[in-house]
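Here, residue 1 is the first one in the sequence, and each next residue gets the next number. All values below were derived from every heavy atom in this structure, side-chain atoms included, with hydrogens, water molecules and symmetry-related copies excluded.
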Amino acid sequence: MGLPPPSTSPTWRTTGGDLTDDEWELIADLLDPPTVSKMGRPRKHTRRQVADAIFYVAATGCQWRHLPERYPPWSTVHSYHLDWSRNGTWEKVCDRLRNMVRLAEGRDAEPSAGIIDARTVRGAPTVTTTHPRHSELTRGYDGNKKISGRKLFGLVDTIGLLVGVRVVAAGVSDNAGGIAVFDLARPKTDRLGRVWVDAGFKNAFAAYLRSRRVAVEVVNKIHPTGFHVLPRRWVVERTWSWLMNHRRLQIDYERDPIITEGFIWAAHSRMLLRR
């Protein structure tokens, strides 16, 4: 007699980790807002299943067409991710969860200080030089890192939670990218009064922030050679490490940088939900 087929454990979860009921309740109203109209065809798949699929793609780095069958069709999931990235839904989810985490740790919901840093990511062949909808340059070459692709600028609070994200061509200077991400993050907090940066942001960026009454502190290397943990800078570096554990973010595949930003917000949201 042959052995009976193995039964699937009721507690089995995907590699990316599907949402629990408690986690879904925290963000359900943002991803699945109530609708008044009864027109149209009933949905075959819930927004929760779509969110689980997007988290799976972000964590495993699989191609859209290779989504497991337990999730909705890849075209449906992809369409939702495009919409949620472009209309700011993923960013709103992350903003809510960040404020909840800060309050749970006894802090004010709005941070009073932050750290800005940039990370260059190699672009796949699907990443075009110009934006698919207009002539904006979206792919470049980082001469310092010797990488062709895009540069991710992020502003985090003092515990490493994302406040602002901006994805640009790799050739954009740190000063220009830092100003862009600061302008995106500043409306979220009226308390932001100090920012730590590395030496690449010390010129135009520092002058721009001081003109807006925000103190800038440049954290230089302790020694010219070797690895040394830098004060404050290690917080944002740790955040990049957390995010780069999501394989989809290790290489940029998206034609539109906004979709890459959506993946960053989604990945960070999943981390905050677990936290």
Between [X] and [Y], is there a donor-acceptor pair closer than 3.5 Å when you use the side chain of the first and the backbone of the second?
{"X": "Ser211", "Y": "Tyr208", "result": "yes"}
{"X": "Asn175", "Y": "Ala204", "result": "yes"}
{"X": "Thr260", "Y": "Val167", "result": "no"}
{"X": "Arg119", "Y": "Trp240", "result": "no"}
{"X": "Thr120", "Y": "Ala170", "result": "no"}
{"X": "Thr189", "Y": "Ala185", "result": "no"}
{"X": "Asp142", "Y": "Lys146", "result": "no"}
{"X": "Thr60", "Y": "Tyr56", "result": "yes"}
{"X": "Arg248", "Y": "Cys62", "result": "yes"}

Flag yes if [X] and [Y] sit in one hydrophobic cluster, no otherwise; membership is Ile, Leu, Val, Met, Phe, Trp, Tyr, and two members link when side-chain heavy atoms are under 4.5 Å apart.
{"X": "Leu67", "Y": "Leu249", "result": "yes"}
{"X": "Leu137", "Y": "Val181", "result": "no"}
{"X": "Phe263", "Y": "Leu19", "result": "yes"}
{"X": "Val156", "Y": "Ile264", "result": "yes"}
{"X": "Val121", "Y": "Val236", "result": "yes"}

Answer yes when [X] and [Y] have at least one side-chain N-carboxylate O distance shorter than 4.0 Å, and no when they do not.
{"X": "Arg96", "Y": "Asp29", "value": "yes"}
{"X": "Glu105", "Y": "Arg275", "value": "yes"}
{"X": "Arg102", "Y": "Asp157", "value": "yes"}
{"X": "Asp21", "Y": "Arg48", "value": "yes"}
{"X": "Glu91", "Y": "Arg98", "value": "no"}

Is a side-chain donor-acceptor pair under 3.5 Å present for [Y] with [X]?
{"X": "Thr89", "Y": "Asn87", "value": "yes"}
{"X": "Tyr80", "Y": "Arg47", "value": "yes"}
{"X": "Ser148", "Y": "Arg139", "value": "yes"}

Nearest non-hydrogen partners of [X] and [Y], listed with the distance:
{"X": "Gly160", "Y": "Trp242", "result": "O-CZ3, 3.8 Å"}
{"X": "Pro257", "Y": "Thr138", "result": "CG-CG2, 3.7 Å"}
{"X": "Arg238", "Y": "Ile159", "result": "NH2-O, 3.0 Å"}
{"X": "Met244", "Y": "Leu152", "result": "CE-CD1, 3.8 Å"}

Decide yes or no for [X] and [Y]: does some side-chain heavy atom of the first lie under 4.5 Å from some side-chain heavy atom of the second?
{"X": "Leu243", "Y": "Leu162", "answer": "yes"}
{"X": "Leu184", "Y": "Val165", "answer": "no"}
{"X": "Glu217", "Y": "Val197", "answer": "no"}
{"X": "Arg270", "Y": "Glu23", "answer": "yes"}
{"X": "Val214", "Y": "Arg186", "answer": "yes"}
{"X": "Val127", "Y": "Tyr253", "answer": "no"}
{"X": "Ile259", "Y": "Arg86", "answer": "yes"}
{"X": "Glu25", "Y": "Asp22", "answer": "no"}

Could you tell me how the ring of [X] sits relative to the ring of [Y]: parallel (under 30°), tilted (30 to 60°) or perpendicular (over 60°)?
{"X": "Trp84", "Y": "Trp90", "answer": "perpendicular"}
{"X": "Phe201", "Y": "Phe153", "answer": "perpendicular"}
{"X": "Phe205", "Y": "Phe182", "answer": "perpendicular"}

#### Entry: Worked check of side chain to side chain contact (heavy atoms under 4.5 Å, CB included) between Ile54 and Val77
CA-CA 7 Å; Ile54 295 173; Val77 178; 3.6 Å; yes
What distance separates [X] [atom1] from [Y] [atom2], expressed to the nearest 0.5 Å?
{"X": "Asp252", "Y": "Thr126", "atom1": "CG", "atom2": "OG1", "result": "7.5 Å"}
{"X": "Ile27", "Y": "Lys92", "atom1": "CD1", "atom2": "NZ", "result": "14.0 Å"}
{"X": "Arg194", "Y": "Ile115", "atom1": "CZ", "atom2": "CD1", "result": "11.5 Å"}
{"X": "Arg122", "Y": "Lys145", "atom1": "CZ", "atom2": "NZ", "result": "15.0 Å"}
{"X": "Met100", "Y": "Leu161", "atom1": "CE", "atom2": "CG", "result": "13.0 Å"}
{"X": "Cys94", "Y": "Leu30", "atom1": "SG", "atom2": "CG", "result": "11.5 Å"}

### Chi angles and distances behind the side chain to side chain contact (heavy atoms under 4.5 Å, CB included) call for Trp196, Val216
CA-CA 6 Å; Trp196 288 273; Val216 179; over 6 Å; no
### Task
Using the side chain to side chain contact (heavy atoms under 4.5 Å, CB included) rule, take Asp83 and Ser79 through it: C-alpha gap first, then chi angles, then the decisive distance, then the call.
CA-CA 6 Å; Asp83 291 341; Ser79 178; 4.1 Å; yes
Would you say that more than 12 heavy atoms from the other residues, nucleotides or ligands in this model lie under 6.0 Å from the [atom1] of [X], or not?
{"X": "Lys202", "atom1": "NZ", "result": "no"}
{"X": "Gln250", "atom1": "CD", "result": "yes"}
{"X": "Arg212", "atom1": "CZ", "result": "yes"}
{"X": "Arg191", "atom1": "CZ", "result": "yes"}

### Query
Would Asp198 and Arg232 satisfy salt bridge (charged side-chain N to carboxylate O under 4.0 Å, His left out), going step by step from the backbone distance to the final call?
CA-CA 10 Å; Asp198 66 12; Arg232 299 293 182 180; over 6 Å; no
### Message
Between Tyr71 and His45 (judged by ring centroids, cut-off 6.0 Å), do the two rings come close enough to count as a pair?
### Response
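No.
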### Message
Taking the ring of Phe55 and the ring of Trp265, is the distance between their centroids below 6.0 Å?
### Response
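So the answer is no for these two rings.
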### Query
What's the verdict on side chain to side chain contact (heavy atoms under 4.5 Å, CB included) for Arg166 and Lys151, showing C-alpha distance, side-chain angles and the deciding distance?
CA-CA 8 Å; Arg166 180 67 172 169; Lys151 191 178 289 187; over 6 Å; no
